[in-house]
Structure formats: structure tokens, C-alpha cells
Amino acid sequence: MTTRVIIVDDQAMVRAGFAALLAAQSDIDVVGEAPDGAQGVELSRRTHPDVVLMDVRMPEMDGLEAARRLLAPPPGVTHRPRVLMLTTFDVDDYVYEALRAGASGFLLKDAPPADLIAAVRVVAAGDALLAPSVTRRLIADFARQRPAPGKPALRLKALTERETEILTLVARGRSNAEIAESLVLAEQTVKTHVSRVLTKLGLRDRAQAVVFAYESGLVAPGEV
């Protein structure tokens, strides 16, 4: 199955480089490019990509607002792509807010080409890109600085003891295979538990689950 991708970045060279790299993969089809968030949203509505590579900082409309519009579309718009934020080392709370809005993760712009290709495949498969330790540190940092809206800790009561245990491990960056090994469970059983956690908490994917775990106090910043 081919993954349809659009690239939204205000730097033409970045768009061209990413497009050439991804288009060379037999399972990835680059269906469009846009120089700012507003055009990116319009392009996504028109082309229905599976994954949107979205730069954080752009003129006209930044990546955060564009991600919000794509992930919480107006009535009548049913397509919701997965959004992978592109950023640099000098990230700010845009990335955290994008994860809260439903983005599936973020990738540093200077990551190796193989990482970009793998990131698109991971996100297209419905997983969140949370493996790099810098991602977990960033989420923990912003979760520590900002109180979450509402009372997420109360929502934890909906989970069973096992589901809470698995959410904790997800928040610490463990993969399904690592969780299965740690808890002596079948990997498919872990996948089922993760799915139930997301459903009970009203979360879209693992990225939002990690944010929720920090905001609810289930996992404290700095824990690994």
C-alpha cells in the first residue's frame, strides 16, 4: 500500500530535498508541496494525504495552527491526515501544543535521511514517533511548565490497574515489544491494552497518551 504525503515548509530547498528523498521510495508517493500553513491546509483538503510533514515556523499560518485545522476539521470535512511536525533543535512550546492537538510526533530537520523515511512509515502505520529520548524530555519539560486544562487525573480512574501500568510504560517511551517483555505478555495483548487505553481516555494515538500521562501526574518529568 502506498503512503500519500504532502510537505509543508516555507523553504523551497527543504521541500525539494524531502520530496526527492521520499519520492524515491516505492511505498511513498509525494502528492504535493506548500510554502505555508494556510496553503498546506488547502492542499491537504484537496489531495487527502495519509501523512503531512509540517514545519513548525512559517509565515501566513504557522504549523501549529495548520495542524489544529487539519486534526479538528470543520463540519463536513471528514479527512484527517496524520501530522508529523518538522522542527530544529531550538524548539519551543509549538511542538508540545501540536502534540496536544493531535500531531503524531515530530522530527528534527537535520535527522538522517533514513530517519525521515522511517518516520513517515511509522506515522502512516498509526504509531506515534516518540522513540528519540529528546522527544520524551521535551514533552516532560512542557508538561512540568504548563498545567493541563481540566482534571486529567480524574480520567485515570477509568483505567484498570493493568491499563494504567501499560500507559505508564508507553509514557516512558517503551515500544509494544518492550512492554510485552517487561510484563511477560504477548505483544498482541499489549496492543489490545493500548487500544483500550486510548479509547477510554478519548486519545488519538500514543503521542497524546504520553502528553496525558505527564499532565495527569501518572509520570513525573525526568522519569525514564
Side-chain angles (χ1 to χ4, degrees), residues 1-9 14-15 17-34 37 40-41 43-45 47-56 58 63-73 78-88 91 94-136 138-139 170-171 173-179 190-191 194-195 197-198 203-213:
M1 181 176 177
T2 301
T3 298
R4 294 166 57 83
V5 177
I6 67 171
I7 302 165
V8 185
D9 194 295
V14 171
R15 295 197 308 272
F18 285 176
L21 178 65
L22 294 174
Q25 310 307 308
S26 60
D27 60 335
I28 298 175
D29 184 13
V30 178
V31 297
E33 304 173 24
V41 171
L43 179 63
S44 178
R45 298 269 196 266
T47 60
H48 291 187
D50 300 301
V51 176
V52 176
L53 293 181
M54 181 79 72
D55 189 20
V56 170
M58 293 178 290
L64 174 58
E65 179 59 27
R68 284 175 175 154
R69 296 192 184 192
L70 290 176
L71 297 170
T78 58
H79 177 254
R80 288 205 312 169
R82 295 193 175 272
V83 177
L84 178 61
M85 305 302 293
L86 298 170
T87 186
T88 57
V91 293
Y94 278 0
V95 173
Y96 177 73
E97 294 300 332
L99 290 175
R100 179 181 278 167
S104 294
F106 78 91
L107 185 71
L108 297 175
K109 280 189 174 182
D110 62 355
D115 286 2
L116 173 64
I117 296 167
V120 169
R121 289 171 176 157
V122 165
V123 170
D127 293 324
L129 191 69
L130 293 170
S133 59
V134 63
T135 308
R136 296 195 297 275
L138 180 71
I139 294 173
V170 168
R174 305 296 193 270
S175 66
N176 285 346
E178 291 169 335
I179 294 173
V190 173
K191 290 181 180 178
V194 171
S195 178
V197 168
L198 297 179
L203 304 173
R204 186 180 184 193
D205 58 22
R206 294 171 84 99
Q208 287 193 321
V210 172
V211 172
F212 177 89

Specify the closest pair of heavy atoms between Ser104 and Val123, including all atoms of both residues, with the distance to one decimal.
CB-CG1, 3.8 Å
Decide yes or no for Leu108 and Thr87: does some side-chain heavy atom of the first lie under 4.5 Å from some side-chain heavy atom of the second?
yes
Stepwise, does the side-chain contact (heavy atoms from CB on, under 4.5 Å) test hold for Val41 with Glu65?
CA-CA 10 Å; Val41 171; Glu65 179 59 27; over 6 Å; no
What one should report as the nearest heavy-atom pair of Ser44 and Val52 is OG-CG2, 4.2 Å
Taking the side chain as C-beta and beyond, is there a heavy-atom pair between Leu21 and Ile117 under 4.5 Å?
yes
Taking side chain as C-beta onward, heavy atoms only, is Gln25 less than 4.5 Å from Val120?
no
Heavy-atom side-chain contact between Arg45 and Leu70 under 4.5 Å:
yes
Strictly distance-based, threshold 3.5 Å: is any side-chain N or O of Arg82 a donor or acceptor partner for the main-chain N or O of Ala124?
no
To the nearest 0.5 Å, what is the distance between CE (Met58) and CG (Leu64)?
10.0 Å
Pairwise distance CG(Asp50) to CE(Met1) - rounded to 0.5 angstrom
5.5 Å
Taking the side chain as every heavy atom from C-beta outward, state whether Leu22 and Leu53 have any pair of such atoms under 4.5 Å apart.
yes
Met85 side chain near Val83 side chain, heavy-atom distance below 4.5 Å:
yes
Dump the intermediate steps for side-chain contact (heavy atoms from CB on, under 4.5 Å) on Arg206 and Asn176, then the final yes or no.
CA-CA 11 Å; Arg206 294 171 84 99; Asn176 285 346; 2.6 Å; yes
Minimum-distance pair of heavy atoms, taken over all atoms of Thr2 and Ser26
OG1-O, 4.3 Å
At what distance, to the nearest 0.5 angstrom, does CG of Leu86 lie from CZ of Arg15?
12.0 Å
Where Glu33 and Ala19 come nearest, the two heavy atoms and their spacing
OE2-CB, 3.5 Å
Would you find a donor on one side and an acceptor on the other, under 3.5 Å apart, between the side chain of Arg69 and the backbone of Gly37?
no
Between His79 (side chain) and Pro49 (backbone), is there a donor-acceptor pair under 3.5 Å?
yes
Of the non-hydrogen atoms in Glu178 and Arg174, which two are nearest, and what is the gap between them?
OE1-CA, 3.3 Å
What's the spacing between Asp55 CG and Phe18 CZ if we round to 0.5 Å?
9.0 Å
Of all heavy-atom pairs linking Ala209 and Val170, the shortest is CB-CG1, 4.5 Å
Taking the side chain from Arg4 and the backbone from Asp29, do they hold a donor-acceptor pair closer than 3.5 Å?
no
